[in-house]
Amino acid sequence: MKIITRTVWILSLVSLFTDMASEMLYPVMPLFLKHIGYSAVFIGILEGVAEAVAGLSKSYFGKKSDASGKRVPFVQLGYALSAVSKPMLALFIFPLWIFFSRTVDRLGKGIRTGARDALLSDECTMQTRAQVFGFHKSMDTLGAVFGPAIALLYLYYYPEDYQFLFLIAFIPGVLAVISALLIKEKERSLPPKNTKPVYFFSFASYWKKSPGAYKKLIIGLLIFALFNSSDVFLLLRMKESGISDTSIIGVYIFYNLIYAVFAYPAGIIADKIGLKKVFTAGLIIFALVYFGFAFSDELYTFIALFALYGIYAAATEGISKAWISNIVNRNDTATAIGTYSGFQSLCALVASSLCGLLWFTIGSSLTFTITAIVAVIVTIYIFFQPELKRENNPEPLKQ
């Protein structure tokens with residue numbers, strides 16, 4: 001059976017275009033908001049609310065997708081909303097409008113993610129799942145290379161002309177929507193009829209009926225998420241060390257390039273030697289990176305650490321979803337991944353707040369050291385979890 005199918009290719013291209021549009025604006029957004037007079041507090045609240053909307057809506061719409069037995073409509077609507085949100089920021093600069101446009105973008109991510117990951121899961125077997133998720137993540141992250149590079153080049157020639165950049169970001173967003181229209185819904189066995197309505201927080205009920213292996217894995221992942229703060233703090237650590245803004249954006253692009261290059265090979269290796277081995281190796285690399293950030297001040301050291309950080313991301317992001325897909329029933333895939341994403345988003349809010357508080361009270365070095373120690377503890381916990389596969393998780397439909 002062909003491993004990288006037509007559907008996997010289309011979903012990967014859609015993600016590449018969408019990430020190109022989103023990451024074109026990610027490093028620019030704080031600069032733009034400060035340029036028009038908004039404070040760091042406003043920026044922090046904006047990003048916190050946006051990420052919470054994305055995480056919690058992933059859970060809700062993932063369950064809706066499983067309940068309906070449909071994937072493609074959620075994927076297409078989600079990518080369309082994210083595309084539309086890009087030029088909205090170029091129109092007005094009122095606080096409520098900025099909140100609205102940013103929330104629309106993250107809501108789109110929440111609507112599509114569970115259904116998209118379920119589509120990817122349906123396109124592979126347990127023996128190829130990490131490879132498929134790794135390939136998708138690699139293509140997705142290439143967008144995170146192209147996007148900031150385009151933004152950096154544009155702002156080099158047109159400094160502080162941020163609003164027109166939002167219009168430029170609409171172009172890859174439209175390409176993503178057009179590509180998403182090419183995805184075809186496959187026939188699948190529908191879940192039993194459920195007359196109960198799906199409430200926004202009803203995804204949490206899945207936790208009660210989920211497999212024990214799922215619960216044990218998610219507990220470890222969420223403990224890690226509670227201390228894994230936003231990557232913004234890594235960039236702030238570089239800024240604290242006196243690194244220039246241009247160099248920081250350049251290193252951020254380099255990190256995404258490493259991530260993109262290693263994500264697919266990491267998936268292939270994980271399918272051959274085991275998902276748990278690659279995932280725990282990624283966590284060990286994470287701990288080493290954070291120990292390094294705690295005591296580094298030189299640009300070249302930061303470049304090396306971000307290279308390792310890209311390998312960590314490649315070894316964990318897609319593989320964690322592949323692992324979850326392997327231990328839950330296929331009809332619950334979107335709900336299972338969405339439930340994890342919902343809890344993870346809440347943990348991420350706590351993690352960034354906690355990191356900011358620790359940074360303010362005890363300094364950046366001790367903050368990163370504590371995070372590294374927690375990562376080591378979680379690595380040991382995950383290492384002793386069995387890499388189980390549920391018997392009632394049927395293989396995907398034949399291509």
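The figures here come from the full heavy-atom set of this structure, side chains too, leaving out hydrogens, waters and symmetry mates.
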What are the two closest heavy atoms between [X] and [Y], and how far apart are they?
{"X": "L81", "Y": "I111", "result": "CD1-CD1, 3.6 Å"}
{"X": "P87", "Y": "V84", "result": "CD-O, 3.1 Å"}
{"X": "A176", "Y": "T18", "result": "CB-OG1, 3.2 Å"}
{"X": "I284", "Y": "T379", "result": "CG1-CG2, 3.8 Å"}
{"X": "I10", "Y": "S179", "result": "CG2-O, 3.3 Å"}
{"X": "P172", "Y": "F17", "result": "O-CB, 3.3 Å"}

Apply side chain to side chain contact (heavy atoms under 4.5 Å, CB included) to V261 and list each qualifying residue two or more places apart in sequence or on a separate chain.
->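 Counting only residues at least two positions away or on another chain, V261 forms a side chain to side chain contact (heavy atoms under 4.5 Å, CB included) with L257.
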
Would you say the side chains of [X] and [Y] form a donor-acceptor pair under 3.5 Å?
{"X": "S85", "Y": "R106", "answer": "no"}
{"X": "Y252", "Y": "E23", "answer": "yes"}
{"X": "T125", "Y": "R129", "answer": "no"}

Would you sort out whether V378 and F227 count as a side chain to side chain contact (heavy atoms under 4.5 Å, CB included), showing the intermediate values?
-> CA-CA 11 Å; V378 171; F227 289 85; over 6 Å; no

Quick one: do D66 and R71 make a salt bridge, cutoff under 4.0 Å?
->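 So D66 pairs with R71 through a salt bridge.
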
Would you call D297 and R237 a salt bridge, taking side-chain N to carboxylate O under 4.0 Å as the test?
-> yes

is_close_aromatic(W359, F368), centroid dist under 6.0 Å =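 They qualify: ring centres under 6.0 Å apart.
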
Can you find a heavy atom in the side chain of [X] that is under 4.5 Å from one in the side chain of [Y]?
{"X": "V75", "Y": "L119", "result": "yes"}
{"X": "M24", "Y": "F166", "result": "no"}
{"X": "F279", "Y": "L221", "result": "yes"}
{"X": "Y340", "Y": "L217", "result": "no"}
{"X": "I319", "Y": "F133", "result": "no"}

From K137, K109, R112, K321, residue fulfilling salt bridge (Lys or Arg N to Asp or Glu O under 4.0 Å) relative to D117 =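 The residue from K137, K109, R112, K321 that satisfies salt bridge (Lys or Arg N to Asp or Glu O under 4.0 Å) with D117 turns out to be K321.
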
Once the angle between the rings of F286 and Y309 is folded into 0 to 90°, is it parallel (under 30°), tilted (30 to 60°) or perpendicular (over 60°)?
->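 The rings of F286 and Y309 sit tilted, inter-plane angle from 30° to 60°.
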
Determine yes or no for a side-chain-to-main-chain donor-acceptor pair under 3.5 angstrom, with [X] supplying the side chain and [Y] the backbone.
{"X": "S138", "Y": "A260", "answer": "yes"}
{"X": "S82", "Y": "Y79", "answer": "no"}
{"X": "S15", "Y": "S12", "answer": "no"}
{"X": "T141", "Y": "N256", "answer": "no"}
{"X": "S247", "Y": "I243", "answer": "no"}
{"X": "T367", "Y": "G363", "answer": "yes"}
{"X": "S320", "Y": "E317", "answer": "yes"}

Please lay out, stage by stage, how T369 and Y290 fare under the test side chain to side chain contact (heavy atoms under 4.5 Å, CB included).
-> CA-CA 7 Å; T369 300; Y290 267 69; over 6 Å; no

Hey, what do you get for CD1 (I382) to CD1 (I377), rounding to the nearest 0.5 Å?
->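 Between I382 CD1 and I377 CD1, I get 13.0 Å after rounding to 0.5 Å.
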
The reported gap from CZ in R116 to CD in Q76 (rounded to nearest 0.5 angstrom) is 14.0 Å

Hey, is NZ on K272 packed in by over 12 heavy atoms from elsewhere, all under 6.0 Å?
-> no

Within 6.0 Å of NZ in K276, more than 12 heavy atoms from elsewhere | yes

Quickly, which of F254, Y259, F293 forms a ring pair (Phe, Tyr, Trp, His ring centres under 6.0 Å) with F306? Name it, please.
->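 Exactly one pass, corresponding to F293.
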
